[in-house]
Visitor: 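Okay, handing you the structure first.
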Amino acid sequence: HSALQKLALLEQDPVEASFQIHTAWEEDPSLFDVCPVGLITALVYLSIAQEREWKYRLLHRATFLLYSTEGLARAMTGGRWPMSDRLIRTMYHNSEVLGRSALAFAAPEVQPP
């Protein structure tokens, strides 16, 4: 739980805090019930520094948790955590287009339908 606080307060390197949160969640899935948005944020932060296969797995987990929990996606858009469906979709897209120019966060392709 302290890693969630450190991530929220940016008191620790976000990737290191995210790894600690991911490890704690794998050991105790009830961590999601304590702070679902923090866990999703950690999964996405952690995916930034990973090879493609693990990056996709982490982003898939974040997306699944985001949409399998009623109202969570809506709550995240107005919350203080720097995470959204648009950001996750942008990261997926940018991972798929290695060697091509990156997609901007505000690009029409990543806007909600």
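Excluded from the calculations below are hydrogen atoms, water molecules and symmetry mates; all remaining heavy atoms, backbone and side chain alike, are included.
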Visitor: Donor-acceptor pairs under 3.5 angstrom involving side-chain atoms of residues 58-66: please list them, not counting sequence neighbours.
Guide:
unit_1: R61; atom_1: NH1; unit_2: H22; atom_2: NE2; d: 2.9
unit_1: R61; atom_1: NH1; unit_2: E26; atom_2: OE2; d: 3.1
unit_1: T63; atom_1: OG1; unit_2: L59; atom_2: O; d: 2.9

Visitor: Search all heavy atoms of D28 against all heavy atoms of S30 and return the closest pair with its distance.
Guide: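 In terms of heavy atoms, the two residues are closest at OD1-OG, 2.6 Å.
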Visitor: Can you confirm whether E51 is buried at CD, in the sense that more than 12 heavy atoms of other residues, nucleotides or ligands lie under 6.0 Å from that atom?
Guide: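 Yes, CD of E51 has more than 12 neighbouring heavy atoms, counting only those of other groups under 6.0 Å.
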Visitor: Around atom CZ of F32, are there more than 12 heavy atoms from other residues, nucleotides or ligands closer than 6.0 Å?
Guide: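 Enclosed.
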Visitor: Compare every heavy atom of S18 with every heavy atom of A42, then report the nearest pair and how far apart it is.
Guide: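 Result for this residue pair: O-CB, 3.2 Å.
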Visitor: Measure the OG1-CG distance between T41 and L46 for me, rounded to the nearest 0.5 Å.
Guide: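 Spacing of OG1 (T41) from CG (L46) equals 12.0 Å.
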Visitor: Identify the heavy atoms of W54 and R57 that sit nearest to each other, and give their distance.
Guide: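 Looks like CD1-NH2, 2.6 Å.
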Visitor: Looking at every heavy atom in both L43 and W25, which two are closest together, and how far apart are they?
Guide: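 Distance-wise, the nearest heavy atoms are CD2-CZ3, 4.3 Å.
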